[in-house]
Amino acid sequence: MATKIRLQRGGRKGYAFYSIVIADARAPRDGRFTEKIGTYNPNTNPATVDLNFDRALYWVEVGAQPTDTARNILSNEGVYLMKHLRVGVKKGAFDEATAQQKFDAWKAEKVKGATAIRESEAKAKKEAYAKGLEAEKKINADIAKKVAEKKAAAAAAKAEAEAAANAAAEEAPAEA
């Protein structure tokens, strides 16, 4: 049986969400599968991957062929690096502890990069919010200024009308 590691689509239209599955190569994309080893959500920045690392490594080592996208996901998660390091251990190039140390250093660097991306996104979002709030405050101040000018003009017109009425009232008794 030719086994593939591939993505099984889910989610609504325009908002895809994928399961990473092990399936027979002859099975349809969203059809029968042998095992689900993780999920992939491309809608977040960076894309969110939840992977059962040990099972993915097992299937890669026994010869399951990933699709191009699945290969990229597995590579970014370090499955292929660990496979490479295990081959080095089998050949005697280094021991298991050194291999694990190299993998942990790589994973820490990867996590640090992802954290930096998330922080820069959050910072940009916060700055955009602050800029929008400042623009809204300026617009509100302009509107308040216009309203105050209208009220002052209305008050002046009312005072003028009252003064004219008072002046007319004072002239009327003088003429009588």
Assess whether a salt bridge exists between [X] and [Y], defined as any Lys/Arg side-chain N lying under 4.0 Å from an Asp/Glu carboxylate O.
| X | Y | result |
| --- | --- | --- |
| E77 | K110 | no |
| K145 | D142 | no |
| E61 | K83 | no |

Legend entry - Check against side chain to side chain contact (heavy atoms under 4.5 Å, CB included), Q8 and I20: CA-CA 6 Å; Q8 186 178 49; I20 304 169; over 6 Å; no
Atom of [X], atom of [Y] and distance for their closest heavy-atom approach:
| X | Y | answer |
| --- | --- | --- |
| N76 | W106 | O-CH2, 3.3 Å |
| A47 | P42 | CB-CA, 4.0 Å |
| A99 | V89 | CB-CG2, 3.8 Å |
| N41 | T44 | O-OG1, 3.5 Å |
| A64 | P66 | O-CD, 3.4 Å |

Below 4.5 Å, heavy atoms only, C-beta onward: do [X] and [Y] meet side chain to side chain?
| X | Y | result |
| --- | --- | --- |
| R9 | S19 | no |
| I22 | I37 | yes |
| E119 | K123 | no |
| V147 | K150 | no |
| D50 | Y40 | no |
| Y80 | V60 | yes |

Legend entry - side-chain contact (heavy atoms from CB on, under 4.5 Å) partner of W59, chosen from N52, V79, T3, D54: T3
Legend entry - side-chain contact (heavy atoms from CB on, under 4.5 Å), paired with I5, selected from T67, T69, L74: L74
Working to the nearest 0.5 angstrom, can you tell me the gap between [X] [atom1] and [Y] [atom2]?
| X | Y | atom1 | atom2 | answer |
| --- | --- | --- | --- | --- |
| R86 | L81 | CZ | CG | 11.5 Å |
| F17 | T39 | CZ | OG1 | 4.0 Å |
| I117 | E121 | CD1 | CD | 8.0 Å |

Inset, instruction - Answer yes if the side chains of D95 and T98 hold a donor-acceptor pair under 3.5 Å, and no otherwise. - result: yes
Legend entry - Between D104 and Q100, a side-chain donor and acceptor under 3.5 Å: yes
Inset, instruction - Please check if atom CG in D68 has more than 12 non-hydrogen atoms from other residues, nucleotides or ligands closer than 6.0 Å. - result: no
Legend entry - Y58 vs F53, ring-ring contact (aromatic ring centres under 6.0 Å, His included): CA-CA, chis, key distance, verdict: CA-CA 9 Å; Y58 166 78; F53 188 84; over 10 Å; no
Inset, instruction - Could you give me the CA-CA distance, side-chain angles and deciding distance for L7 and I73, then say whether side chain to side chain contact (heavy atoms under 4.5 Å, CB included) is met? - result: CA-CA 10 Å; L7 301 179; I73 291 169; 4.0 Å; yes
Inset, instruction - Could you go through the side chain to side chain contact (heavy atoms under 4.5 Å, CB included) check for F33 and R6 one step at a time? - result: CA-CA 10 Å; F33 59 91; R6 62 181 176 205; over 6 Å; no
Inset, instruction - Could you go through the side chain to side chain contact (heavy atoms under 4.5 Å, CB included) check for T34 and V21 one step at a time? - result: CA-CA 7 Å; T34 307; V21 298; over 6 Å; no
